[in-house]
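These numbers come from a predicted model, not from an experiment. Side chains are part of it too, since the values below use all heavy atoms of this structure and drop only hydrogens, waters and symmetry mates. Chain letters run A, B, ... following the sequence lines, proteins first and then strands; every chain starts at 1.
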There are 2 protein chains.
Amino acid sequence: MRNIHQKLSVARGERRAQLAFKNARVVNVFSGEIYKTNVAVEDGRVIGFGDYGARTTINLDGAYLAPSLIDGHFHVESSMLTAPEFVRAVVPHGTGAVVIDPHEYANVLGLDGIRYVLESTKNLAVDFFIMLPSCVPATPFETSGAKLTADDLKLMIHDERIAGVAELMNFTGVFLSSKSELAKIAAGKGKAIDGHAPGLRGKNLNAYALAGVRSDHESVAVEEAREKLRLGMHVLLREGSTERNLEHLLPLLNAHNSQNCSFVTDDKLAGDLVNEGHVDYAVRKAIRCGVPPITAIQMATINTARHYRLKNLGAIAPRYWADFIVLDDLKRFRVRQTWKKGVLVAKDGEFLGKSPARVPLPRSTMNLRYSPKDFIVETNGKKKIRVIEIVPNQIVTKEIAVPPKIVGGEVVADTTRDILKIAVVERHHATGNVGVGFVRGFKLKRGAIASTVAHDAHNVVAAGVNDQDILFAIQELERLRGGQIAVADGKILAELPLPIAGLVTDQPLPKAVKLIADLNAAAHMLGCGLDAPFMTLSFLALSPIPALKLTDQGLIDATKLQKTTLFI
Amino acid sequence: MRNIHQKLSVARGERRAQLAFKNARVVNVFSGEIYKTNVAVEDGRVIGFGDYGARTTINLDGAYLAPSLIDGHFHVESSMLTAPEFVRAVVPHGTGAVVIDPHEYANVLGLDGIRYVLESTKNLAVDFFIMLPSCVPATPFETSGAKLTADDLKLMIHDERIAGVAELMNFTGVFLSSKSELAKIAAGKGKAIDGHAPGLRGKNLNAYALAGVRSDHESVAVEEAREKLRLGMHVLLREGSTERNLEHLLPLLNAHNSQNCSFVTDDKLAGDLVNEGHVDYAVRKAIRCGVPPITAIQMATINTARHYRLKNLGAIAPRYWADFIVLDDLKRFRVRQTWKKGVLVAKDGEFLGKSPARVPLPRSTMNLRYSPKDFIVETNGKKKIRVIEIVPNQIVTKEIAVPPKIVGGEVVADTTRDILKIAVVERHHATGNVGVGFVRGFKLKRGAIASTVAHDAHNVVAAGVNDQDILFAIQELERLRGGQIAVADGKILAELPLPIAGLVTDQPLPKAVKLIADLNAAAHMLGCGLDAPFMTLSFLALSPIPALKLTDQGLIDATKLQKTTLFI
């Protein structure tokens, strides 16, 4: 601890503190109490409770002073914001720390992506702790930008901001004792090992826990969460933009187990972060559902800090960082002020933090090779084709079989039946891989939409009514060095540049939120009826999730995890 | 994890487990539930819950299966037993792990003492985790066998069975930011840092916590414990042989804070361990006082394991060691069976574990130099002398001033006023240091008692009615290579050999318990009215505890921490 002798002297009351909060109603997550006291702060740390003289005194007039909130599992790429702009969005909501899994950066840039994340998340008004992605690439059926092995994880695990190994999505590999997956768990020795096991129950779940996985955030039903909790897995109750499990999982809590639960968001869009909130939203909702405020706050602070061993975070006590939120009403739970290391960083919804020094952006990640003929699907006499059917607001799809529409010997889109052409172009190594298929559910009447966010390999995915629009959209994304775009008849209707790994925008928060809204509006103008057309598009290439997906390697039967054919 | 592929295959249900407990009412400390299920065990570890085939099946017929108990702070020397004999005493009471502070061994033998403890506590039916003693010697006013600096602690801190830095008894040094004390805290970086701060409150307690101390076991009143808990210190509720704080501290618990509390015994005599119990006694008492059984069990298991980061201990869950206790009634809380790594090690009060291989004993530690004239106190004309007054059952003493009894120009004991002579002879380095004084409270009418257990430097301490008996007792302790003894008129009435560092007996448990009882009976025969004459004697040399003490360096004013004189 810096200046320890000086700080101890302040604690003993021999010299004035830098800062004191008077008449605070402190939410003490250790003693489980809320009581009035004064809190002294020096050099960014809490010094102690009691009657301390200070150079600056903040009279809280009985307002609540609680520890800043912590998100235990988040993919910052889901906001499409850089770390500083994400910070701008969440600090007014009381966030003080996040445990992130830079899974998308890693799929595109490998260790360079994690290094960029480590570098770009330093010295911000939110502390970032990083879990090392364990599933890069997600499957062998898509061409990602990089591969990470257990040996790669070992290279970085000792960094003090690395909190462990991120969600082991290949849960089958783990419980079947695949050597590569067990080696990744072993690489995280002594740090947190995160799980991801939607629907896994019974003996295979026993095996998953036995292998060393110690958390899960994928439960959607209370019985599944209870089974995981009983096995000693820290249960991360998720409330994100699309996955909203909190209300279903709250009945899990009893008088003896909340210390083993935390709140997480997993994925949350920039606009939702700004308008709805971040972890504060989960706390608010839990309290509204009847969870005692002290329990909800523990789940948003100390429980998470302990599970991930985040030092001196998640509580108000001597030696802990002076990371506070100020609230007037614990039931409404609206954050009025946010303090980071003793500095006021947000007030009444406004971010007051400093802009950090810019860090160098990672290299360009748009490395494509394709020609118009790659997108042509010649008929072969068969009567039916497999089509991906979108399930609105879900990442699973269905497989349907329909007769193809044939024009001039080519299978083409058919807007009358809502069947669009979809293409995935490999963008990392210029392999020339182009996968082509058909999709139902977008309802575009004209034009095309395209994205370089395309889970998990993040190749270019585009869907449209004809090859011209699809090709134009892809060309424009190349020009943007990555992004999302809506085009029609050779014109750009809206575009979101994502030059950072093709995943994240270099635009400031308000501009980013507006561009994203404009983009969705443009897709809707083209006839799309989905809530989040680009999010839906971005999951159509995700090969581990059933049923039918398209990657740069072609159509994938994601249930059997094998390649399949367009024609039946 | 050993044989991981095989264990995972058992978990998946593909091969039979070694052992299965059927119809167990499992106490799940994670989910805070008690429910019926079956538990499979393989190679010493829990594999999972559910319906597993096994080569051996134990039908528990609805009995409770809970994790084995953990003592979070214990000085094994207080039992005067070797580790294997201590294990024999506590395993029938359900103990599965202890966090020990080998403070006494370290004061006598330094790092060699800690190495002996590490060696002699291996592969037993109780797992031993060791905290590195932080206060050797306790003060400069006594001559201990060794000194330990922060650099010494750094040499051993990385051993996986070292759980951290033991109680920082020099709490004044810590809050006054003494470099040597802060260096000891820094040496424990990343591991547990235990406190010891009786009565410390307010700003100085803030400073103590700020310095990095993260637990305390010295609170006797609930308000003191609450203040420590609020500062983020893990509160260890003590229930030992003499310090019995549990009942006073239980009102500390509310619905939100028990995860930050654990049970400890600190010091417990062999006979009390056998007859009354160990951690099970604290659990029993807490439940009787109204603590919910699940909370009491959490405080005796997982809370402690988490605080000290004891891997895979304190819970029944996959990957955890199969350390179980079986009980028929949670309210009575009598342990019927104890299991260690899947092996039955105690049943119906009987220890079933194997005797471990003997480890070499440490070197002899009796290295005395003295002559009869060292014990003579010549009068010097002054009218009064300072006398140590015993406070029964406490380690503090009072200082009184009385006129000396003078015979032939020498100050001598005066049994009519219950004033005995007391002497402390340095025994580590043959310095020739002999401290001589007078004590009131033993009520011996004849003879002498003596001990090589004499906190914290463990020199020889003897009290008696004349120099002959005192000298005889000391000579006999030399012959025993350390021990405790009661003599009168040139005869031994009872003796307890403590050849291991002068602190611990080489006798088996039942013999040791008998010898200790005989010894106390002998002291009582000499007229002593105290409950535990040898324990009282052993604390009269403890220089950091007020008010008047005697060390090998003479009389110590332990309130002002300075040497003082016999004559006033």
Against chain A, label B:A211 side chain, backbone, both or neither, depending on which of its atoms sit under 4.5 Å from a heavy atom there. both
Please classify the contact between B:V174 and chain A as side chain, backbone, both or neither, with a heavy-atom cut-off of under 4.5 Å. backbone
From B:T295 atom OG1 to A:H256 atom NE2, the distance as rounded to the nearest 0.5 Å: 4.5 Å
Look up atom CD in B:Q6 and atom OG in A:S177, then write down how far apart they are to the nearest 0.5 Å. 11.0 Å
Contacting region of B:I47 [heavy-atom separation from chain A under 4.5 Å]: both
Shortest non-hydrogen contact between A:N257 and B:F30, atoms and distance: CB-O, 3.2 Å
Cation over ring face, B:R230 and A:Y35, 6.0 Å, 45°: yes
Would you give the length of the straight line joining atom CD of B:Q259 to atom CG of A:N260, rounded to the nearest 0.5 angstrom? 9.0 Å
Residue part contacting chain A, namely of B:V235, when any heavy atom lies under 4.5 Å: neither
Which region of B:L176, side chain (C-beta onward) or backbone (N, CA, C, O), has a non-hydrogen atom less than 4.5 Å from a non-hydrogen atom of chain A, or is it both or neither? both
Sort B:V29 into side chain, backbone, both or neither according to what part of it lies under 4.5 angstrom from a heavy atom of chain A. backbone
Working to the nearest 0.5 Å, report the span between CZ of B:F49 and CG of A:L205. 11.0 Å
NZ on A:K179 to NE2 on B:H5, rounded to 0.5 Å: 5.0 Å
